[in-house]
Amino acid sequence: METTRFWDALPERARKALREEGTTVMLKPGAFLMREHTHTSQVFVLHSGAVKVWVDRAGDVAILDVLGPGDPVGELEAVDGGVRHANVEALTPVEATVLTADRFRRVLDAHPGTAWAVAAVLAERLRDANELRIAHFPDDPERRLAGRLLRLMSRFGAPRAGTGSGDEDGVEVRLPVSQQDLGRWAGMGRRKVAQILAAEPVRGGLAVARNMIVVRSADPLHRLADRE
């Protein structure tokens with residue numbers, strides 16, 4: 001599934017208006033852009049770095065998404081006025097434009113095409129959430145994990161040093177995403193993630209290190225993610 005970059009979908013005039021209405025902020029790893037169950041009314045547009053979106057339910061953490069350059073954060077609450085549904089925490093150093101929900105909506109009203117950019121983001125995230133839901137019935141942990149890894153590759157993948165190409169084979173994702181994080185995102189325990197990575201057909205084609213995921217071949221991931 002192709003990911004939708006909100007910033008890339010905006011006309012230049014709308015980008016300029018968002019920057020003028022907002023403020024540029026720099027955030028350190030571990031900083032919170034927002035916390036669940038709060039009523040703050042800020043919208044962030046990420047320009048560099050990565051954040052994880054997660055919830056805490058009685059001490060159990062579930063990761064909902066990992067967002068990066070071009071992605072908006074807080075746009076859902078800006079649209080419906082509800083409380084924050086999740087925590088958003090910086091995984092890496094982050095640069096973003098931050099503005100109030102009122103100013104964000106003001107830009108949308110002044111530049112009608114931006115509303116479609118927001119709609120495209122929400123639609124893509126809904127499709128991704130539905131894909132995860134489908135992979136639970138029947139239970140298919142391999143498909144769920146493959147989908148999360150491909151999503152990371154799509155958003156943050158870069159050719160490995162020495163490959164000299166942008167092909168999916170030989171891709172690295174430089175993010176501090178652990179096997180436990182992948183499990184929390186794909187709905188399984190760390191041991192199950194390790195088991196899948198060590199088994200055929202993934203074994204040998206992918207490695208998850210402390211601050212980097214190396215994908216030597218994406219073909220097995222595509223086969224797992226696309227199977228019916």
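A distance of 14.0 Å separates CZ of Phe44 from CG of Asp71, quoted to the nearest 0.5 Å. Annotation: the span from Ser41 atom OG to Arg103 atom CZ amounts to 11.0 Å, rounded to 0.5 Å. Residue Thr114 holds its OG1 atom at 7.0 Å from CZ of Phe104, rounded to the nearest 0.5 Å. Of the inter-residue distances, the one linking Leu122 atom CG with Arg127 atom CZ reads 11.5 Å to the nearest 0.5 angstrom. Remark: Asn211 CG to Glu172 CD distance equals 12.0 Å, nearest 0.5 Å. With rounding to the nearest 0.5 Å, the separation of CG in Asp65 from CG in Leu152 is 9.0 Å.
Between the Arg84 side chain and the Met34 main chain, no donor and acceptor come within less than 3.5 Å of each other. Between the side chain of Arg5 and the main chain of Arg155, a donor-acceptor pair closer than 3.5 Å is present. In this structure a side-chain-to-backbone donor-acceptor pair under 3.5 Å is present from Trp185 to Leu64. Between the side chain of Arg148 and the backbone N or O of Ala186, no donor-acceptor pair lies under 3.5 Å. Of the possible donor and acceptor atoms, none in the side chain of Arg190 sits under 3.5 Å from a partner among the backbone N and O of Gly183.
Linking Ile, Leu, Val, Met, Phe, Trp and Tyr whenever their side-chain heavy atoms come within less than 4.5 Å puts Val208 and Val193 in one cluster. Hydrophobic clustering of Ile, Leu, Val, Met, Phe, Trp and Tyr side chains at less than 4.5 Å, counting indirect connections, keeps Phe6 apart from Val73. Connection of Val53 to Leu27 is established within a shared hydrophobic cluster, with ILVMFWY side chains joined at heavy-atom distances below 4.5 Å, either directly or through further cluster members. In the hydrophobic clustering of ILVMFWY residues, with side-chain heavy atoms under 4.5 Å counting as a link, Leu91 and Leu149 come out together. Val171 and Val66 end up in the same hydrophobic cluster when Ile, Leu, Val, Met, Phe, Trp and Tyr side chains are linked at under 4.5 Å.
Of all heavy-atom pairs between Val43 and Gly74, the closest is CG2-O, 3.8 Å. Across all non-hydrogen atoms, the minimal contact from Ala225 to Gly147 is CB-N, 4.3 Å. The nearest pair of heavy atoms linking Thr24 to Arg19 is OG1-NH1, 4.5 Å. Val121 approaches Pro72 most closely through the heavy-atom pair CG1-CG, 4.1 Å. Residues Ala146 and Leu224 come closest through the heavy atom pair CB-CB, 3.8 Å. Across all non-hydrogen atoms, the minimal contact from Asp56 to Asn87 is N-ND2, 4.4 Å.
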Handout entry: side-chain contact (heavy atoms from CB on, under 4.5 Å) between Gln179 and Lys192, intermediate numbers included
Key = CA-CA 9 Å; Gln179 291 187 11; Lys192 184 62 177 179; over 6 Å; no

Practice task
Could you walk me through whether Thr92 and Leu175 pass the side-chain contact (heavy atoms from CB on, under 4.5 Å) test, one step at a time?
Solution key: CA-CA 7 Å; Thr92 67; Leu175 286 179; 3.7 Å; yes

Exercise for the section: Determine, step by step, whether Glu200 and Arg203 satisfy the side-chain contact (heavy atoms from CB on, under 4.5 Å) criterion, reporting the C-alpha distance in whole Å, the side-chain angles of both residues, the deciding distance to 0.1 Å, and the verdict. Expected result: CA-CA 5 Å; Glu200 296 292 348; Arg203 183 176 61 198; 2.8 Å; yes

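Using a cut-off of 4.0 Å between Lys/Arg side-chain N and Asp/Glu carboxylate O, Arg223 and Asp226 are scored as not salt-bridged.
Side-chain contact between Val215 and Val173 is absent, with no heavy atoms from C-beta onward closer than 4.5 Å. Contact annotation: the side chain of Val88 never approaches that of Leu67 to less than 4.5 Å [non-hydrogen atoms, C-beta and beyond]. No side-chain heavy atom of Arg143 sits under 4.5 Å from any side-chain heavy atom of His136.
A donor-acceptor contact closer than 3.5 angstrom links the side chains of His85 and Glu77.
The one candidate from Val202, Leu221, Leu150, Leu197 that meets the side-chain contact (heavy atoms from CB on, under 4.5 Å) condition with Leu145 is Leu197. Applying side-chain contact (heavy atoms from CB on, under 4.5 Å) to Arg144 and the options Glu131, Arg133, Met188 leaves one that passes, Met188.
Ring geometry for His47 versus Trp7: interplanar angle over 60°, hence perpendicular rather than tilted (30 to 60°).
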